[in-house]
Amino acid sequence: MKIAVCVKAVPDTETKIVLNSDKTNIETNQVKFITSPYDEFAIEEALKIKEANSGTTVTAISMGSNEAKDVLRDSLARGVDEAIHINVDKPLDYSPLTTGKILAKSLSLDSYDIILCGQQGVGTDHSQVPAILAQLLNITQATFIVKLTLKENNTFLAEREIEGSHEMVSGKLPAVFSAQKGLNEPRYPSIKGVMAARKKEIKTLDLTSLDLVEEINQTNALVKLKALCLPQAKTSSKNIEGDPDQQVKALVDLLRQEAKVL
Amino acid sequence: MNILVFIEIRNNQIRKASLEALSYAIKQNANVDALLIGHNLNELTPNLAKFKINKIYLADNIANYATDTFAMAVSEVIKLSNSNLVLAANTSLSKDLIPYVATAFNAVAVTDVVELNILPNSLEVTKPVYSAKASAIYELTGSLNFLTLRPNVFSQEVTGQTYQNTIENLNIKYNEPRSQVIETITTGNTQMELSEAPIIVSGGRGLKAPENFAMLQDLCDVLGAALGASRAVVDAGWISHQFQVGQTGKTVSPQLYIACGISGAIQHLAGMSSSKVIVAINKDPDAPIFKHATYSVVGDVFEIVPRLTKEIKALRDNN
Ligand SMILES: Cc1cc2nc3c(=O)[nH]c(=O)nc-3n(C[C@H](O)[C@H](O)[C@H](O)COP(=O)(O)OP(=O)(O)OC[C@H]3O[C@@H](n4cnc5c(N)ncnc54)[C@H](O)[C@@H]3O)c2cc1C
Ligand SMILES: Nc1ncnc2c1ncn2[C@@H]1O[C@H](COP(=O)(O)O)[C@@H](O)[C@H]1O
């Protein structure tokens, strides 16, 4: 079986967000990039399937600049077999549709039975690329999964977590899955893994080698990130003092009369 | 401008967030069509009589969700109604379906939209990014776009009038879907879905033990609120993940969010900082949550919460 895992390099969630000079994106010089947290579940699931099915290979694939390469080293350190870096400039400007087209073309160079993604790339939080991949590759999808069982005859049963319920989805491989928190407990890379990953080769593709330059220019024209804004400071907070009885009385009054939410 | 609103149904009810999208569309001076997919849909259409809709399309007799089946119905109606804009509520279902359909039309989708301006030749769309530490404003220039709107952000307005909307039953020959839902296990409170609740009471590690969530549930009951939680208590196994608010949980935007014994980590704030009114109850005056609170109560949850429940109950009983 062949499995691909799509991993995205995202700013560490603790990062202080600083805008670039024309306020069209974030300043990335000082930013530490990490594997998007949901992609860790995707990697772990791929490794678990590999462990249970001999002859399985796992390929990690990431589109981005240098930070994508670092993230692929992390995937290799966790135990994936191969890594493919699609090198592009300014990946932060790419819409999910653009990203999806680039990833789909790269994935179509091989034939994968399973493509695992995170349910969202943390930071931009689009939650779109997995469904876009399924559409472009014309294969099955099951998103937000918390459990995956592979069955005979290339079928699967997945449990997805949605608002207020869990759904059991049954379908056929090949398929794209997006991982929700709860799917598994991601392992950390071992020291040995980290050392071995340094020596492994990372295959590189780019828009020219994928013959996508024109297509991507056209797709990028459909949507433009006009500006990023920092949130306005919250209107000054009110500190409610007194003993608990007084605090509760004052709070209820404010919620009724001032905020008008009760 | 032709706007198609995809109306989502869950537990045989139209989702409130779908009606918010519908309200928004109707205010835009556009031709508004609506699409419902499911079963026994004729029972639901009376709920739409307060909205002036050009045409209501029904894809009936579909028992369970399947991406391919739903996608065929949406695609069909986009063609029939010549849509320029497709609106849906930002839910798991939409995030499964909308990008899938949009891509088939080579169109752009933006999820979790909190602001939308329809300009003569483009759309200006705002969504929060980087744990709500920033907002991104996108300009969309394609001839067809798809947006999912964050629940509770766009208001639901109806006039007193009722309308005789035209209803059209679709007759589609569906292909065998590649995947489909074969069973649904209801887990949460079906009456009050967290992401759509107008009031949320959330608990964190300050509650000390899982059984103390009963105290928060009492407050929820008198307020008609939904219960939420921080990741710390979810990870500790006190409460299940579907209650988690934050970056790796739900994004919520209620009228009132009451954070009890929650420190206010950036990842928690990412899920709730767009709430209209935030009350923080924490015994540590330096807790970061207070920087984001509308009303700060420095105090012990075990002293404040039961009194608050009693006070609000008294208030409700008097009305
Ligand atoms: C990648 C990533 C994703 C994450 N995603 C999320 C997420 O989605 N949601 C989320 O919530 N967190 C998330 N976190 C975790 C987050 O960083 C915090 O660890 C978590 O929110 C802390 O939960 P807490 O506030 O309940 O606990 P603590 O930080 O331990 O705070 C407990 C608070 O209770 C107060 N307290 C104690 N006793 C009392 C009392 N008797 N009365 C009143 N107050 C009291 C304390 O003063 C303290 O402020 C994520 C972290 C990472 C790294
Ligand atoms: N640039 C990228 N490179 C590789 N995978 C990506 C990239 N962007 C998104 N993905 C995958 O798609 C998932 C969802 O991302 P998004 O749709 O951007 O929220 C991520 O968790 C990744 O698995």
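Please read all numbers here as calculations on a predicted model, not as lab measurements. All chains are named by letter (A, B, ...) in the order of the sequence lines, taking the proteins before the strands, and each is independently numbered beginning at 1.
Side-chain contact between B:V181 and A:M168 is absent, with no heavy atoms from C-beta onward closer than 4.5 Å. When side chains are defined from C-beta on, A:Y38 counts as touching B:T248, because their heavy atoms get closer than 4.5 Å. Residues B:I199 and A:V261 form no side-chain contact, since every pair of their non-hydrogen atoms from C-beta on lies 4.5 Å or further apart. The closest side-chain heavy-atom distance from B:L308 to A:V252 is below 4.5 Å. Counting heavy atoms from C-beta outward, A:C229 and B:I137 have side chains that approach closer than 4.5 Å. A:H126 has its side chain within reach of B:K127: a pair of non-hydrogen atoms, C-beta onward, lies under 4.5 Å apart. Under the 4.5 Å side-chain criterion, counting only non-hydrogen atoms from C-beta, B:Y100 is not in contact with A:I132. Annotation: side chain of A:L255 is in contact with side chain of B:L256 (closest heavy-atom distance under 4.5 Å).
Using a 4.5 Å cut-off between heavy atoms, A:D245 touches chain B through backbone and side chain atoms alike. Only the side chain of A:L251 comes within less than 4.5 Å of a heavy atom of chain B; its backbone N, CA, C and O stay farther away. Heavy atoms closer than 4.5 Å to chain B are found nowhere in A:D253, neither backbone nor side chain. Heavy-atom distances place both the backbone and the side chain of B:S135 under 4.5 Å from chain A. In this structure, the portions of A:L225 lying under 4.5 Å from any heavy atom of chain B include both its backbone and its side chain. When heavy atoms are compared at a cutoff of 4.5 Å, B:E183 approaches chain A by way of both its backbone and its side chain. Only the backbone of A:I139 comes within less than 4.5 Å of a heavy atom in chain B; its side chain stays farther off. Looking at A:Q247, only its side chain comes within 4.5 Å of chain B, counting heavy atoms on both sides. Only the side chain of A:Q120 comes within contact range of chain B, judged by heavy atoms closer than 4.5 Å. Using a 4.5 Å cut-off between heavy atoms, B:L140 contacts chain A through both its backbone and its side chain. Neither the backbone nor the side chain of B:A66 comes within contact range of chain A; no heavy atom of the residue lies under 4.5 Å from a heavy atom of that chain. Only the side chain of B:V279 comes within less than 4.5 Å of a heavy atom in chain A; its backbone stays farther off. Looking at B:V234, only its side chain comes within 4.5 Å of chain A, counting heavy atoms on both sides. Both the backbone and the side chain of B:Q255 come within contact range of chain A, with heavy atoms under 4.5 Å apart. Heavy-atom distances place both the backbone and the side chain of B:N106 under 4.5 Å from chain A. Looking at B:I281, neither its backbone nor its side chain comes within 4.5 Å of chain A, counting heavy atoms on both sides. Within the 4.5 angstrom heavy-atom criterion, no atom of A:Q119 approaches chain B. Neither the backbone nor the side chain of B:D112 has a heavy atom closer than 4.5 Å to any heavy atom of chain A. Contact annotation for A:P11: only side-chain heavy atoms (C-beta onward) come within less than 4.5 Å of a heavy atom of chain B.
B:S296 and A:S237 form a side-chain donor-acceptor contact under 3.5 Å, judged by distance and modelled atom types alone. Between the side chains of B:T91 and A:E163, no donor N or O sits under 3.5 Å from an acceptor N or O.
One N or O on the side chain of B:K133 and one on the backbone of A:T13 form a donor-acceptor pair closer than 3.5 Å. Between the side chain of B:T103 and the backbone N or O of A:Q135, no donor-acceptor pair lies under 3.5 Å. A distance-only check finds a donor-acceptor pair linking the side chain of B:T141 to the backbone of A:A221 [under 3.5 Å]. Looking only at distances, a side-chain donor or acceptor of A:Q128 sits under 3.5 Å from a matching main-chain atom of B:A109. No donor-acceptor pair under 3.5 Å is formed between the side chain of B:R178 and the backbone N or O of A:P174. Using a distance-only test at 3.5 Å, with no hydrogens or angles considered, a donor-acceptor pair links the side chain of B:S179 to the main chain of A:Q141.
The environment of CG in A:D211 is sparse: at most 12 heavy-atom neighbours from other residues, nucleotides or ligands sit within 6.0 Å. Within a 6.0 Å radius of NZ in B:K313, other residues, nucleotides and ligands contribute 12 heavy atoms or fewer.
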Stepwise side chain to side chain contact (heavy atoms under 4.5 Å, CB included) test for B:I312 and A:L262: CA-CA 9 Å; B:I312 290 167; A:L262 286 188; 4.3 Å; yes
### Task
Given salt bridge (charged side-chain N to carboxylate O under 4.0 Å, His left out), test A:E167 with B:R10 step by step and report yes or no.
CA-CA 12 Å; A:E167 291 180 336; B:R10 180 147 294 276; 3.6 Å; yes
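When each of A:Q180, A:K16, A:E241, A:E258 is checked for heavy-atom pairs under 4.5 Å with chain B, A:E258 comes out on top.
Between B:D235 and A:K181, at least one side-chain nitrogen of the basic residue sits less than 4.0 Å from a carboxylate oxygen of the acidic one, meeting the salt-bridge criterion.
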